[in-house]
Amino acid sequence: MKKIVILGSTGSIGVNALSVIKEFQEKFRVVGLSGFSNLSLLSKQIAEFKPEFVALPNLKDAAALKNKFKKTIFFSGTDNLVKLTETADYDILVAAVVGAVGLPPVISGLKRGKRIAIANKEPLVIAGKLLRNLAKTNRAEIIPVDSEHSAVFQCLKNENKQGVENILLTASGGPFFSKKIDFKKVTPEQALAHPNWSMGKKITIDSATMMNKGLEVIEARWLFDIPPENIKVIIHPQSVIHSMVEFKDGSTIAQMGTADMKLPIQYALAFPERLKNSFPKLNLIEREKLTFFKPDMNKFRCLKLAYQAIKTGGLAPAVLNAANEIAVNLFLNKKIGFNQIPDIVENKLNNFKNAANPSLEEIMNTDYKIRFELNNI
Ligand code: NDP
Ligand code: MG
C-alpha cells in the first residue's frame, strides 16, 4: 500500500489523481491533500478520503474546516504546502498545484528522497537543473505526469540515451491552430475552449498561446537531459500520439492513448507496474486519420520565446515563466489582450540581468522581482 500526498487535489489533475486512487484502493491510500479556493470540493474530498493532513493557505478557511474534521491535522499560512510535505509520512508526492508556487514543496519531497509524480511543470521550467541534482543526491525519483513527458519517459524505458536523435513533443495546437483569427480580439472564453483536453484555466490559456508547449520543451530538457536543439515540436491535432522519440538508427517510437490524464497519472503512481483499469481504451479503428504539421513560430510567438529562454539559460526560463504567469492572469481578468501575452514575456526576456547556474535564492528572487514589476504596471 503506497501512501500518497496530493498537492492541488481540488484541481483538474488532483481530481483525476483521486479517481486513479479510487480505482486502485488496494494499492494506494491518501494521507495528505491540499486546496486553495475551492473549499466545498476540498471538504468533500476530506470526507471521502480521510487524509491525516490537509494544507490550505487561508487561516480562517483552515480553522473552519478543522471544526468539521476534528481528527485531521491542518496546515495553513504561506508555507502550508511545505509543512505538509515535511510532516506527512508518504511514499509518493503528486505535485499538481499550478505555477511556481509548487517549487518549495517539490524540493522538500526530493530532499526526503520521495517519488515525485510531477504534473506541476513550472518548478521544472524555472529550476529543472537544481531539481534534477536534488533527485540524484537524495535518490529521489521524478516521474512525469505531463502526458508528453510520460510518453517520452515510456519510449525511453530500456533505451540508452546515447542513441537518441530527437525528442518529438506533440502538440494539439490549441483552439487557434487552424483558424485565421485576430489575436487582438480573442476573448478568455474563446481561448478557454480547448479542442481535446479539459484542464485548469492557466494551462488552457498556455495551450492557446502555445506557451504550454514552450514550457514543455524546457521541462523535457531537464527531465531527460537532452539539449534543447534536439527537442522538436510537432502539431498533431488529434492528440492520439502523446509524443515520440526518434533514434539515431532511424527508428521512431511513439506512445499512444486516449486524451485522459488518468493514464499518465496512473503510470507515474504505479511505475514500473502496468495495472489493468476500467478507463476507456483507445480504439484506432474508430479514429479519424492522424495528421502532423510544423508549428508556426511567428503566429505562436510564445513557443519561439520559450526556445529563446532555454537557449539563453540561467535565469531566463524563470523570467519567461513568471512573466507568463502574470500575463495569463491579466488576460483572464480582461486587463490585457491575448496578443499582449507574448509582448509582456518578450519585454521581460529582453530586459533582465542573467546569472549562469543560478542558485535557488537567485531563481526565487528573479521570480519575485518579475511578478512585482508586472503587478505594478
Ligand atoms: P487547476 O487550476 O485545475 O488546479 C490547480 C490546483 O492548485 C487547485 O487545487 C488549486 O486549488 C491549487 N492552487 C491554485 N493556486 C494555488 C496557490 N497559490 N497555492 C496553493 N494551491 C493553489 O490546474 P491543473 O490541474 O490543470 O494543473 C496543475 C498543474 O499541472 C499545472 O502546472 C499544469 O501545467 C500541469 N498540467 C496539467 C494538465 C491537465 O490536464 N490539467 C496536463 C499536464 C500538466 P483550488 O482549485 O482550490 O483553488
Ligand atoms: Mg502536456
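Just so you know, ligand 1 is whichever comes first in the structure, and atom 1 is the first atom listed for that ligand.
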K.L.:
Considering only non-hydrogen protein atoms, determine which one is nearest to atom 7 (O) of ligand 1 and report residue, atom name and distance to 0.1 Å.
P.N.:
V97 CA, 3.3 Å
K.L.:
Please report whether the ring centroid of F69 lies less than 6.0 Å from that of F74.
P.N.:
no
K.L.:
Against heavy atoms of M199, which atoms of ligand 1 measure under 4.0 Å?
P.N.:
26 (O), 39 (C), 40 (O), 41 (N)
K.L.:
Which residue holds the protein heavy atom closest to atom 32 (O) of ligand 1, what is that atom called, and what is the gap in Å?
P.N.:
E122 OE1, 2.8 Å
K.L.:
Taking only Lys NZ, Arg NE, NH1 and NH2, and the carboxylate oxygens of Asp or Glu, determine whether E373 and K348 approach each other closer than 4.0 Å.
P.N.:
yes
K.L.:
I'd like to know whether ligand 1 has P57 as a neighbour, heavy-atom separation below 4.0 Å.
P.N.:
no
K.L.:
Pairs of nitrogen or oxygen atoms closer than 3.5 Å, one from G11 and one from ligand 1: do any exist?
P.N.:
yes
K.L.:
Does any N/O atom on N38 come nearer than 3.5 Å to any N/O atom on ligand 1?
P.N.:
yes
K.L.:
Would you call K27 and E273 a salt bridge, taking side-chain N to carboxylate O under 4.0 Å as the test?
P.N.:
yes
K.L.:
Look at the aromatic rings of Y368 and F372 and report parallel, tilted or perpendicular, splitting at 30° and 60°.
P.N.:
parallel
K.L.:
Taking the Mg ion (ligand 2) as the center, what protein N, O or S atoms are found at less than 2.8 Å?
P.N.:
D146 OD1, E148 OE1, E216 OE2
K.L.:
Among all protein heavy atoms, pick the one closest to atom 35 (C) of ligand 1 and tell me residue, atom and distance.
P.N.:
A119 O, 3.2 Å
K.L.:
Check whether NZ of the Lys or CZ of the Arg K3 lies under 6.0 Å from the centre of the six-membered ring of F28 and within 45 degrees of that ring's axis.
P.N.:
no
K.L.:
When clusters are formed by joining ILVMFWY residues with side-chain heavy atoms under 4.5 Å apart, either directly or through shared neighbours, do I143 and W222 land in the same one?
P.N.:
yes
K.L.:
Distance to 0.1 Å, residue and atom name: give those for the protein heavy atom nearest to atom 12 (C) of ligand 1.
P.N.:
F36 CB, 3.9 Å
K.L.:
Do any nitrogen or oxygen atoms of S12 come within less than 3.5 Å of a nitrogen or oxygen of ligand 1?
P.N.:
yes
K.L.:
Considering only protein heavy atoms, which is closest to atom 36 (N) of ligand 1, and at what distance to one decimal place?
P.N.:
I203 CD1, 3.6 Å
K.L.:
Tell me: protein heavy atom nearest atom 23 (O) of ligand 1, and distance?
P.N.:
G200 CA, 3.9 Å
K.L.:
Kindly confirm or rule out an N or O of S147 lying under 3.5 angstrom from an N or O of ligand 1.
P.N.:
no
K.L.:
Measure up the F224 and H149 rings against each other and bin them: parallel (under 30°), tilted (30 to 60°), perpendicular (over 60°).
P.N.:
parallel
K.L.:
Are any of the N/O atoms in G8 less than 3.5 Å from those in ligand 1?
P.N.:
yes
K.L.:
With nothing but distance in play, are any N or O atoms of S37 less than 3.5 Å from an N or O of ligand 1?
P.N.:
yes
K.L.:
Could you see if V98 belongs to whatever hydrophobic cluster contains L192? Use Ile, Leu, Val, Met, Phe, Trp, Tyr and a side-chain cutoff under 4.5 Å.
P.N.:
no
K.L.:
Between K71 and E52, is the closest basic N to carboxylate O distance under 4.0 Å?
P.N.:
no
K.L.:
Are I4 and I13 co-members of a hydrophobic cluster defined by side-chain heavy atoms under 4.5 Å apart?
P.N.:
yes
K.L.:
At what distance is the nearest protein heavy atom to atom 27 (O) of ligand 1, and which residue and atom is it?
P.N.:
I13 CG1, 4.2 Å
K.L.:
Answer yes if I6 and L110 sit in the same cluster of Ile, Leu, Val, Met, Phe, Trp and Tyr residues linked by side chain heavy atoms under 4.5 Å apart, and no otherwise.
P.N.:
no
K.L.:
Counting non-hydrogen protein atoms only, what is the nearest one to atom 34 (O) of ligand 1? Give residue, atom name and distance.
P.N.:
K121 CE, 3.2 Å
K.L.:
For atom 5 (C) of ligand 1, which of V15, I265, V98, L7 has the closest heavy atom?
P.N.:
V98
K.L.:
Taking side-chain contact (heavy atoms from CB on, under 4.5 Å) as the criterion, tell me which of I142, I107, I116, L360 meets it with L134.
P.N.:
I107
K.L.:
Looking at K334 and E189, is there a salt bridge between them, counting it only when a charged N and a carboxylate O are closer than 4.0 Å?
P.N.:
yes
K.L.:
Relative to F279, does K262 satisfy both conditions: NZ or CZ under 6.0 angstrom from the six-membered ring centre, and within 45 degrees of the ring's axis?
P.N.:
yes
